[in-house]
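Fair warning: this is a prediction, and the values are worked out from it, not measured in the lab.
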There are 2 protein chains.
Amino acid sequence: MTPVQSYEKNCSQCPIRHRAVCATCEPDELVELDSMKYYRSFEAGQPIMWSGDRMGFVGTVVSGTATIERLMEDGRKQTMGLLLPSDFIGRPGRDTAIYDVTAVTDVTLCCFRREGFEQMVGKTPHLSQRMLEMALDELDAAREWMLLLGRKTAREKIATFLMMLVRRTTIGNETNSDEIKIVLPLTREAMADYLGLTIETVSRQFSVLKKEGLIVLDGKRNLSIPSSEALLLETGSDAT
Amino acid sequence: MTPVQSYEKNCSQCPIRHRAVCATCEPDELVELDSMKYYRSFEAGQPIMWSGDRMGFVGTVVSGTATIERLMEDGRKQTMGLLLPSDFIGRPGRDTAIYDVTAVTDVTLCCFRREGFEQMVGKTPHLSQRMLEMALDELDAAREWMLLLGRKTAREKIATFLMMLVRRTTIGNETNSDEIKIVLPLTREAMADYLGLTIETVSRQFSVLKKEGLIVLDGKRNLSIPSSEALLLETGSDAT
DNA sequence: CGTCAGGTTGATTAGGATCAACACAGGTGG
DNA sequence: CCACCTGTGTTGATCCTAATCAACCTGACG
């Protein structure tokens, strides 16, 4: 993936234009954002932001996957969020990061200097409303994950994670096709950190689900789901 | 606690005026909110909102404690947030609740009809900015709790919960006094649901901490902490 | 005095962590 | 070309923390 692509010249070409923080901006607002933006790329495994460091920029994931995580003194790690294309990084109004953000695949960000972006938010209701909407969506997602971390079994955690990936990565694809194929953006270790498990437990649960025919593995990263209804039953879905 | 108090007449008397969603409002904005607001009270144990129900109102906790929680089909429950005085209930832009909200002590709310509040937010930057700020704070708190739920031991969970209560309920009190006294707003069961544990494990950990002298119990709800530094060491604090 | 909700404590179990060995793919350098 | 290494993943054996099952305690209240 070359760093310079058509959407870098023009926001209207941007693949995530309609889902990102700028989704509800008017053409003139977009022109202004366009003039402020710059792109940054990170290789898989590279840190995007360290907890405790100054945050000079905010940005949107254009391609790739990153994780928001926190380390404990003794090395225990918990991933608190997956950042997929259209997700926003950074908190306006805060100048010091309180999480680590790490690129888990190659990542391209559409960035803004933090001060400039904050000014823009201050004078652009479309932008501040969208920020609020996205923050509330993230809050819902975080709370959903609290249910998973606090109460679900290892098997339910894996099934829930896979169904979340299906929901987030197959948008507008053939929905009625029974066989759903997804690519796992995370290693076993990164999944373990996200699900509050160990690598070994993740691996074992994949093996069990494979043996039961609920998932089919092609290599370590390509996965297909013969029946999403069947897998959904394994998520321990809530009462709603 | 009588339902009609002085702050019901005048926002300037309100005990949470400077911390709530209206904290940054100008006097004229406050007058308008004042004219829209109404108070509701809920007895301990009563539901404030059911998942799936229509949300006709939003509001701020003026006194008492409520929990945000979610039930699974088989009865497993996870509490996703504690609502203490000044916390906000409800999501503008959504008309159906996706969580249960329950009063765990007697609760008084300062409410607004949802539509009226949404209009007010739309035309009052002070209010929408404050909403964003509060949503981002809640997001940080939710992520902090994900670390607790995913990676901490039962002992660390209890210690972290107690230190969180200390932080949230002793504001402006004698800080240099060694002996900190707090009142537990939750039953053992509610704490278990918040911490992803069982009642029995919560009870046992309290017994252990008591035996070790890290906490002193007076009845079931009154607790004092001889040394907050010592208790802090038990929280498994993160690397930051 | 009996009942009941909330809490404690003990005995046992089980799910996932830990420790350990091995498999496999992709580089790298002789 | 192959030997070697390293990062990633799988599988097995064992251990341990917290869940489960169960009995009992305590105080409030009719």
Side-chain angles (χ1 to χ4, degrees), chain A residues 43-46 67 72 74-78 102-105 148-161 183-212 215-223 234 236, chain B residues 43-46 65 67 72 74-78 102 104-105 148-161 183-212 215-223 234 236:
Chain A
E43 284 177 27
Q46 293 304 111
T67 55
M72 290 172 69
D74 58 6
R76 280 176 285 176
K77 185 196 285 184
Q78 178 65 46
T102 311
V104 290
T105 65
L148 176 145
L149 292 172
R151 293 303 188 198
K152 292 195 177 183
T153 64
R155 180 187 177 90
E156 289 169 339
K157 285 177 176 182
I158 298 285
T160 306
F161 171 70
V183 177
L184 299 173
L186 302 183
T187 63
R188 299 290 184 268
E189 184 179 13
M191 287 188 262
D193 288 337
Y194 195 23
L195 299 171
L197 298 170
T198 57
I199 313 182
E200 294 95 324
T201 300
V202 171
S203 187
R204 277 185 243 275
Q205 293 299 330
F206 266 95
S207 299
V208 172
L209 293 175
K210 190 172 74 176
K211 199 165 292 171
E212 294 178 358
I215 61 174
V216 178
L217 277 171
D218 170 21
K220 292 165 194 323
R221 294 299 190 100
N222 296 297
L223 186 144
E234 303 301 327
Chain B
E43 283 176 28
Q46 294 302 111
T65 303
T67 55
M72 290 172 69
D74 58 6
R76 281 175 284 176
K77 185 195 286 184
Q78 177 65 46
T102 310
V104 291
T105 65
L148 176 144
L149 292 172
R151 293 303 188 198
K152 292 196 176 182
T153 64
R155 180 187 176 90
E156 290 169 339
K157 285 177 176 181
I158 299 285
T160 306
F161 171 70
V183 177
L184 300 173
L186 302 183
T187 63
R188 300 289 185 267
E189 184 179 13
M191 287 189 262
D193 287 337
Y194 195 25
L195 298 171
L197 297 170
T198 58
I199 313 181
E200 295 94 326
T201 299
V202 171
S203 187
R204 277 185 242 276
Q205 293 299 329
F206 267 95
S207 299
V208 172
L209 292 176
K210 189 172 75 176
K211 198 165 294 173
E212 294 178 359
I215 60 174
V216 178
L217 276 171
D218 170 22
K220 293 166 192 322
R221 295 300 191 100
N222 296 298
L223 188 145
E234 302 302 325

For [X] and [N], give me the distance from atom [atom1] to atom [atom2], rounded to whole Å.
X: B:Lys220; N: C:dG7; atom1: NZ; atom2: P; result: 7 Å
X: B:Glu156; N: D:dT17; atom1: CD; atom2: P; result: 12 Å
X: B:Gln205; N: C:dG10; atom1: CD; atom2: P; result: 14 Å
X: A:Ile199; N: C:dT18; atom1: CD1; atom2: C1'; result: 12 Å
X: B:Asp218; N: D:dT26; atom1: CG; atom2: P; result: 16 Å
X: B:Asp74; N: D:dT20; atom1: CG; atom2: C1'; result: 14 Å
X: B:Ile158; N: C:dT8; atom1: CD1; atom2: P; result: 11 Å
X: B:Arg151; N: C:dA17; atom1: CZ; atom2: P; result: 7 Å

* Asked: Can you find a side chain N or O atom of B:Thr187 that sits less than 4.0 Å from OP1 or OP2 on C:dA5?
  -> no

* Does a side-chain N or O from B:Thr198 land closer than 4.0 Å to OP1 or OP2 of D:dA18, or not? -> no

Tell me whether [X] contacts the main-chain N or O of [Y] through its side chain, where contact means a donor paired with an acceptor under 3.5 Å.
X: A:Thr160; Y: A:Glu156; answer: yes
X: B:Gln46; Y: B:Thr102; answer: no
X: A:Arg151; Y: B:Leu197; answer: yes

What nucleic acid atoms does [X] come within less than 4.0 Å of, heavy atoms only: base, sugar-phosphate, or nothing?
X: B:Gly196; result: sugar-phosphate
X: A:Gly45; result: nothing
X: B:Ser203; result: base

[X] side-chain proximity, nearest of [options]:
X: B:Glu200; options: C:dG7, D:dT20, C:dC19; answer: D:dT20
X: A:Ser207; options: D:dT10, D:dA19, C:dG16; answer: D:dT10
X: B:Leu197; options: C:dG7, D:dG9, D:dA19; answer: D:dA19
X: A:Arg188; options: D:dG9, D:dA18, C:dA17; answer: D:dG9

* Evaluate the side chain to side chain contact (heavy atoms under 4.5 Å, CB included) criterion for residues B:Val202 and B:Phe161: first the C-alpha distance (whole Å), next the side-chain angles of each, then the deciding distance (0.1 Å), finally the verdict. => CA-CA 11 Å; B:Val202 171; B:Phe161 171 70; over 6 Å; no

* **Residue whose closest nucleotide on DNA chain C lies nearer the 5' end, B:Arg221 versus A:Thr201** => B:Arg221

* Using a cut-off of 6.0 Å, state whether more than 12 heavy atoms not belonging to B:Glu43 lie near its atom CD. => no

* Indicate, yes or no, whether a donor-acceptor pair under 3.5 Å links the base of D:dG9 to the side chain of A:Arg204. => no

* Structure fact -> Sorted by position of nearest nucleotide on DNA chain D, 5' first, the leading residue of B:Ala154 and A:Glu189 is A:Glu189

